[in-house]
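Step one of this worksheet: look at the structure below.
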Protein chains: 2
Amino acid sequence: MRLTPAAVLDAAITLLDEAGLDAFSTRKLATRLDVRVGALYWHYPSRQALLDAVAEQIVAEASATPIPDGDWPQQAAAMIHALRNAMLAHTDGARIIVEMDAPGPNALAYIERLRGLLAGAGMDRATAEDAADVLTSYLNGYTIEEQAHKADQQRADADRGFAFGLNVVFAGLRTITES
Amino acid sequence: MRLTPAAVLDAAITLLDEAGLDAFSTRKLATRLDVRVGALYWHYPSRQALLDAVAEQIVAEASATPIPDGDWPQQAAAMIHALRNAMLAHTDGARIIVEMDAPGPNALAYIERLRGLLAGAGMDRATAEDAADVLTSYLNGYTIEEQAHKADQQRADADRGFAFGLNVVFAGLRTITES
DNA sequence: ACCTGAACACCGTTCAAGT
DNA sequence: ACCTGAACACCGTTCAAGT
């Protein structure tokens with residue numbers, strides 16, 4: 001079978017899910033695809049470009065989750081939870097997102113949508129950008145930590161702790177929009 | 001000169017600051033110390049153990065910053081800013097902290113102190129732990145992102161954005177203690 | 001006790017040459 | 001256009017042997 005960028009990406013995600021980011025290598029990936037390492041470089045310019053494509057895929061999964069009707073904190077929370085779930089669906093998903101080199105169209109659309117939601121709540125453009133950063137920074141920081149020490153705690157505990165913190169952040173953001 | 005754990009650690013921090021985490025290798029470190037690679041393994045069991053020691057050192061720098069008198073949000077903010085400054089003082093400092101394998105005594109003392117501060121604000125033990133997680137998750141997420149895309153924005157912009165978010169988190173935490 | 005020498009089992013990336 | 005073969009310049013870690 002002929003190699004395609006999509007086939008390489010699919011195999012990369014499978015390998016990543018099984019082995020984790022640190023054990024992910026272009027050589028292991030080539031072996032799985034029954035191809036020599038160099039062949040990968042025809043389809044992707046580097047290991048990091050491949051990982052960036054994986055990050056885009058993860059954001060795509062998050063963006064596929066519909067955002068229900070509701071007020072802006074509910075909708076923003078739904079967006080954050082959707083991205084969190086997509087990250088958790090993949091080994092080291094949070095690190096793959098954060099260590100992304102250049103954000104692709106999916107990542108840009110996601111962040112723009114989140115900013116738009118916050119601007120709709122009455123924040124000016126600059127404040128909406130800062131507020132979106134608070135939400136994604138908290139999401140990334142919490143989830144990287146969680147995935148780094150996976151065996152330590154149950155998923156339910158982590159979900160509760162994350163939801164607590166997200167509520168704290170929204171409570172803080174409300175004090176801004178209500179002033 | 002005889003090699004000591006402290007000398008290895010010092011050289012590791014210097015190399016890390018100059019080259020960054022991804023370019024940090026035990027072999028480059030050995031070359032700098034004018035020693036064969038294997039010699040390092042007499043003093044540290046692995047590359048990661050060495051990085052953990054660096055993380056401990058960074059936390060030590062943070063803990064050396066005195067916490068001024070004030071109410072609990074001021075004191076907690078001082079602790080967070082101290083750790084942030086220590087991270088920013090080293091290339092990829094945030095990643096080194098977050099990718100730490102096992103927290104050492106400095107890291108444990110730092111987190112315990114932060115939790116104590118929050119418990120002193122009237123939170124029960126479990127809530128204080130969750131609240132400390134919100135603060136450190138936000139700090140880690142924001143600072144990893146900032147250090148990953150260093151050239152993109154000025155330090156002053158990043159500081160302002162970080163302070164904005166930290167205020168948001170504290171505003172959220174206050175709504176809890178005041179209920 | 002501490003370090004060297006040398007190996008083992010890997011890496012990412014490049015590129016002429018083949019098809 | 002796409003892939004192989006083969007190399008280049010690296011990695012982390014181990015361990016017998018030296019001092």
Side-chain angles (χ1 to χ4, degrees), chain A residues 1-57 90-92 95-102 104 148, chain B residues 1-57 90-92 95-102 104 148:
Chain A
M1 241 288 280
R2 219 59 174 342
L3 220 52
T4 63
V8 175
L9 179 55
D10 271 18
I13 291 175
T14 305
L15 175 55
L16 230 13
D17 286 349
E18 290 177 15
L21 183 54
D22 290 332
F24 173 85
S25 74
T26 55
R27 302 184 96 105
K28 280 180 193 157
L29 181 56
T31 301
R32 291 203 169 219
L33 287 165
D34 214 35
V35 107
R36 306 298 158 125
V37 222
L40 299 176
Y41 288 80
W42 182 262
H43 301 279
Y44 291 91
S46 66
R47 179 188 125 110
Q48 188 55 52
L50 198 35
L51 290 172
D52 278 20
V54 174
E56 272 288 282
Q57 186 57 46
H90 301 279
T91 310
D92 293 326
R95 269 184 68 195
I96 292 167
I97 293 288
V98 172
E99 292 173 20
M100 194 176 22
D101 228 48
Chain B
M1 243 288 281
R2 218 57 173 342
L3 220 51
T4 62
V8 175
L9 178 57
D10 271 19
I13 292 176
T14 304
L15 175 56
L16 231 12
D17 286 350
E18 291 178 15
L21 183 53
D22 290 332
F24 174 86
S25 74
T26 54
R27 301 183 96 105
K28 280 180 192 155
L29 182 56
T31 301
R32 290 203 170 219
L33 288 164
D34 215 36
V35 107
R36 305 297 158 124
V37 220
L40 301 176
Y41 289 79
W42 182 261
H43 301 280
Y44 291 91
S46 68
R47 180 189 124 111
Q48 188 55 53
L50 198 36
L51 290 173
D52 278 21
V54 174
E56 272 287 283
Q57 186 58 45
H90 300 279
T91 310
D92 293 325
R95 269 184 68 196
I96 292 166
I97 292 288
V98 171
E99 292 173 20
M100 195 175 23
D101 228 48

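The sequence lines fix the lettering, A, B, ..., with proteins before strands; numbering per chain opens at 1. All figures in this text were calculated on a predicted structure; none of them were measured in a lab.
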query: Contact class for A/Phe24 vs. all strands (heavy atom < 4.0 Å): base, sugar-phosphate, or nothing?
result: sugar-phosphate

Between C/dC3 (P) and B/Leu40 (CG): distance, integer Å: 9 Å

task: Please report the shortest heavy-atom distance between A/His43 and A/Pro5, naming the atom on each side.
output: ND1-CD, 3.7 Å

message: Going by purine N1 to pyrimidine N3 plus the second Watson-Crick contact, or the G-U wobble pair, all under 3.5 Å, which nucleotide sits opposite D/dT19?
response: C/dA1

message: Counting only side-chain nitrogens and oxygens, does B/Trp42 get under 4.0 Å of the OP1 or OP2 atom of C/dC3?
response: no

task: May I have the distance from A/Tyr44 (atom OH) to C/dT14 (atom C1'), rounded to whole angstrom?
output: 20 Å

- prompt: Would you say a side-chain N or O of A/Lys28 is under 4.0 Å from OP1 or OP2 of C/dC11?
  reply: yes

message: Let's go through B/Asp92 and B/Asp22 carefully: what are the C-alpha distance in whole Å and the side-chain angles of both, what is the deciding distance for side-chain contact (heavy atoms from CB on, under 4.5 Å) to 0.1 Å, and is it a yes or a no?
response: CA-CA 9 Å; B/Asp92 293 325; B/Asp22 290 332; 5.7 Å; no

- prompt: Atom CZ of B/Arg27 and atom P of C/dC11: how far apart are they, to the nearest Å?
  reply: 15 Å

query: Do the side-chain N or O atoms of B/Arg36 get closer than 4.0 angstrom to the phosphate oxygens (OP1, OP2) of C/dG5?
result: yes

B/Leu16/B/Thr91 under side-chain contact (heavy atoms from CB on, under 4.5 Å): CA gap, chis, key distance, verdict: CA-CA 7 Å; B/Leu16 231 12; B/Thr91 310; 6.0 Å; no

message: Both B/Arg2 and B/Val37 contact DNA chain C. Taking the nearest nucleotide for each, which residue is further toward the 5' end?
response: B/Arg2

message: Tell me the interatomic distance from B/Asp22, atom CG, to D/dC11, atom C1', rounded to whole angstroms.
response: 13 Å

task: Could you check how far CG of A/Leu29 sits from P of D/dC3, rounded to whole Å?
output: 13 Å

- prompt: Out of C/dG12, D/dG12, C/dC3, which nucleotide sits closest to the side chain of B/Ala39?
  reply: C/dC3

message: Check A/Glu18 with A/Arg32, please: is the shortest side-chain N to carboxylate O separation under 4.0 Å?
response: yes

B/Tyr41 side-chain proximity, nearest of C/dG12, D/dT14, D/dT4: D/dT14

message: Both distances below 3.5 Å, Watson-Crick or wobble geometry, any strand: find the nucleotide opposite D/dT13.
response: C/dA7

- prompt: Base, sugar-phosphate, or nothing: which does A/Arg47 touch, judged by heavy atoms less than 4.0 Å apart?
  reply: sugar-phosphate

- request: Assess whether side-chain contact (heavy atoms from CB on, under 4.5 Å) is satisfied between A/Tyr44 and A/Thr26, documenting all intermediate values.
  value: CA-CA 11 Å; A/Tyr44 291 91; A/Thr26 55; over 6 Å; no

message: How many whole angstroms separate atom CG of A/Asp34 from atom C1' of D/dT4?
response: 13 Å

Residue-phosphate contact under 4.0 Å: B/His43 side-chain N/O, C/dC3 OP1/OP2: yes

